[in-house]
Amino acid sequence: MDWQSIVVPIAVTAATALISWGLTLLTALVKGKIGDETAAKYLNGAIGIVDGAVKATYQTYVQALKESGDFDKEAQLAALEKAKYAALAQLSEDAKEYIRALYGDLDKWLETQIESRLYELKNAPAA
């Protein structure tokens, strides 16, 4: 028995294991990248929709009430509901399901995003 008959099977086994390990790592990397791209697509799109809903609600509802002095707590709650409704109407079902899977309660997530956007708008430096 020569050394090649011993080394070749060991080398083939080791190479097979190494290739299998490398493919497993590559698969995990690709899955992670796809997950990140999916998250970015859905969340960036949803946040853009929320931003538009907040601005539209301000333009069509809040602004006139503020100017007339009628923007009270009840009107604030109505504005929140209007913004949520506008955002929900534009979100795709896939985006809604993705947000539910990540955060649980879609309505709570929307409220948080709307309030966050309002805070940003109120505290933005004047241009």
Side-chain angles (χ1 to χ4, degrees):
M1 189 158 155
D2 64 0
W3 66 273
Q4 285 181 336
S5 63
I6 296 172
V7 173
V8 170
I10 292 173
V12 168
T13 303
T16 302
L18 188 59
I19 291 169
S20 176
W21 176 74
L23 288 174
T24 301
L25 285 178
L26 181 61
T27 301
L29 179 66
V30 168
K31 283 182 181 178
K33 182 72 172 163
I34 289 170
D36 291 345
E37 289 173 7
T38 300
K41 178 181 93 173
Y42 286 133
L43 295 178
N44 288 337
I47 289 170
I49 287 170
V50 167
D51 186 51
V54 167
K55 289 176 180 177
T57 301
Y58 180 83
Q59 183 70 32
T60 61
Y61 179 73
V62 173
Q63 189 173 20
L65 289 175
K66 280 190 170 187
E67 288 172 0
S68 69
D70 295 327
F71 193 66
D72 57 8
K73 186 68 173 172
E74 188 175 304
Q76 287 177 358
L77 293 174
L80 175 63
E81 289 304 312
K82 286 178 183 295
K84 274 178 29 181
Y85 179 79
L88 282 170
Q90 295 178 64
L91 283 173
S92 70
E93 288 304 315
D94 287 342
K96 290 175 187 177
E97 287 304 315
Y98 194 81
I99 292 167
R100 283 184 190 109
L102 284 178
Y103 300 103
D105 189 340
L106 178 61
D107 283 339
K108 279 292 182 198
W109 183 87
L110 274 173
E111 286 177 16
T112 300
Q113 295 307 311
I114 290 167
E115 290 169 3
S116 173
R117 185 63 185 130
L118 287 171
Y119 177 83
E120 289 172 7
L121 290 171
K122 287 179 182 178
N123 293 295

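Side chains included, hydrogens not; waters and symmetry mates left out as well; all remaining heavy atoms used.
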Task: Pairwise distance CD1(Ile114) to CD(Glu81) - rounded to 0.5 angstrom - done: 8.5 Å
TODO: Name all residues meeting the ring-ring contact (aromatic ring centres under 6.0 Å, His included) criterion together with Phe71; count only those two or more places apart in sequence or in a different chain, and write none if there are none.
DONE: none
Open item on the list: Going by side chain to side chain contact (heavy atoms under 4.5 Å, CB included), name the residues that satisfy it together with Ala53, two or more places apart in sequence or in a different chain.
Closed with: Ala86, Ala87
Open item on the list: For residues 86-95, which residue pairs pass the side chain to side chain donor-acceptor pair (under 3.5 Å) check, not counting sequence neighbours?
Closed with: Glu93-Lys96
Task: Pair listing, side chain to side chain donor-acceptor pair (under 3.5 Å) test, anchored in residues 66-75, at least two apart - done: Ser68-Asp70
Task: Pairing residues for Gln76 by the side-chain hydrogen bond (donor to acceptor under 3.5 Å, both in side chains) criterion, not counting sequence neighbours - done: none
Open item on the list: Between Ile47 and Val54, is there shared hydrophobic-cluster membership here, with clusters defined by ILVMFWY side-chain heavy atoms closer than 4.5 Å?
Closed with: yes
- [ ] Starting at CG of Asn44, measure out to CD1 of Ile49 and round the result to the nearest 0.5 Å.
- [x] 11.0 Å
Task: Interatomic spacing from CG in Leu118 to CG in Leu80 - rounded to 0.5 Å - done: 8.0 Å
- [ ] Keeping to residues at least two apart or across chains, list the side chain to side chain donor-acceptor pair (under 3.5 Å) pairs with something in residues 101-116.
- [x] Lys84-Glu111
- [ ] Using the ring-ring contact (aromatic ring centres under 6.0 Å, His included) rule, collect all pairs that involve residues 42-67, keeping only residues at least two apart or in two chains.
- [x] Tyr42-Tyr98
Task: Residue list, side-chain hydrogen bond (donor to acceptor under 3.5 Å, both in side chains) with Lys41, at least two apart or on another chain - done: none
Open item on the list: According to a hydrophobic-cluster definition based on side-chain heavy atoms being under 4.5 Å apart (Ile, Leu, Val, Met, Phe, Trp, Tyr only), do Tyr85 and Ile99 belong together?
Closed with: no
